[in-house]
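Notes to accompany the following structure.
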Amino acid sequence: MAITLSVVFSLSLLLAVLVLDQFFGWQAKDLINQRSDFFMDSMLAVREYTTKNVNPIVAPLNNGPGIFRPEAVPSYSANTVFDYLRAKPDYKQYSYREAALNPTNLKDKADTFETSIIESFRESPSTTSVSGEKMTPLGSFHYVARPIRIGKESCLACHSTPDRAPRSQLLAYGDSNGFGWKLNEVVGAQIVSVPQEALVQSKRQSLLATAMMLMVTFVVVGLVTNAVLDQLILRPMRRISSKAEEASVTPASVSFEEKVRSDEIGLLAQSFERMKQSLAISMQMLKDRQKP
Ligand code: HEC
C-alpha cells in the first residue's frame, strides 16, 4: 500500500514539475518580452520628444557659425539617455543601438549581426519588428529590432548630400559617411537587448521552491493517508481475517466486534458473524448426528 502510494505521489510530483517548468518558462518569456517592449517604447518616446520639443529650438543654432549641437538629433538624445540609464548597475547589461549601414557617427556602424537584421528589413518592407535570442560571451540576451526608415523629407537635410547639411555638422562628423540616404529607405535598425540570465535564474528558483513545497505536501498527505488507512481499514481487515480463521475451527468462541461499525467493514463483520453462526449450528448438528 505504502509503496503504491509513494509511486503515485512521485509520478504526480514529476508531472507537476514538468508542467510548472513549462508554465514558469512562459511566464519568464512574457516578462522578458514586456521588458524589451517597454525599453524600446521608452527610447522611441525620447526620440519623439527630441524631434518635437528640442529640435525646433536647437536646430537654428546648428545653421549658424557655432559648433554643431547634437542635442537636436533624435538618435543622439536616445543614445545619451540610454547611457545614463546604463550607468545604473541594474541596467549594466542592457543595450540600445541605432545601427546603420552607412552611419553619420561611426560608433553606430552595424556589426555583422546588426547588418543581417537591417538587410532583412530592407528585403521585406512589411516587417515592422523582429525579435529573438542571442548568445554572447556575457550570456543569453533577448533582442527586439525595428527598422529605421527615412520617413520625412526633413531627415534628408542632414543625411542626403554634404552640401545640404549644416556646416557645423560636417566639421563635427566629416562629409564621407551618413550621406546618400533616400526617402523611405531603411537605413538602419533600432535594436534593444535585455539580459535573460537573471530571469532564467529566478524561474529556476521559483520552480525549485514550488517543487519542494509540493514534495513536502505530498509526503505529509501520504503519511496521513497511510496512517488513516491503516487505522480505519487495514488493521480491522487483518483482525477480521485472523478471527475468520479462528472461527473456521472454533466458531462458538469467536466474536466479530467490528459488526457494530456502520461502514463496509461493519457489513463485512456482520456477514462473517452470520457465517460463523451458521457454521456453529452446522457443526453442532454434525456432532449431534455422530452421537449414538
Ligand atoms: C540636423 C541634422 C540631422 C537631421 C535633421 C537628422 N539627423 Fe540623423 N543624425 C544626425 C547626426 C549628426 C547623427 C549622429 C549623432 C550621434 O553622434 O550620435 C545622426 C544619427 C542618425 C542615426 C544613427 C546612425 C548614424 O548615422 O549615426 C539615424 C538612424 C538617424 N540619424 C536617422 C535620422 C532620421 C530618420 C531623421 C529624420 C527623422 C534624421 N536622422 C534627421 C543629423 C541629423
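First listed ligand is number 1; within each ligand, the first listed atom is number 1. Values reported hereafter were calculated over all heavy atoms of this structure, with side chains retained and with hydrogens, waters and symmetry mates removed. This is a predicted model, so every value here is computed, not measured.
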Quick check on F23: does its CZ atom have over 12 non-hydrogen neighbours (other residues, nucleotides or ligands) under 6.0 Å away? no
Is it the case that over 12 heavy atoms from other parts of the model lie below 6.0 angstrom from the CD atom of Q201? no
Taking atom types as modelled, is there a side-chain donor on S140 or E133 under 3.5 Å from an acceptor on the other? no
Calculate, to the nearest 0.5 Å, the distance between atoms OG and CG belonging to S154 and L183 respectively. 9.5 Å
What are the polar N/O contacts of ligand 1 with the protein below 3.5 Å, with distances?
unit_1   : atom_1 : unit_2 : atom_2 : d
ligand 1 : 7 (N)  : H159   : NE2    : 2.8
ligand 1 : 9 (N)  : H159   : NE2    : 3.0
ligand 1 : 17 (O) : N105   : ND2    : 2.7
ligand 1 : 17 (O) : Y173   : OH     : 2.6
ligand 1 : 26 (O) : T104   : N      : 2.6
ligand 1 : 26 (O) : T104   : OG1    : 2.9
ligand 1 : 27 (O) : T104   : N      : 3.3
ligand 1 : 27 (O) : N105   : N      : 3.0
ligand 1 : 27 (O) : D108   : OD2    : 2.5
ligand 1 : 31 (N) : H159   : NE2    : 3.1
ligand 1 : 40 (N) : H159   : NE2    : 2.9

Straight-line distance of D41 CG to E48 CD, nearest 0.5 Å: 11.0 Å
Provide the full list of ring-ring contact (aromatic ring centres under 6.0 Å, His included) pairs with a residue in residues 29-60, sequence neighbours left out, each pair given once. F39-F82, F39-Y94
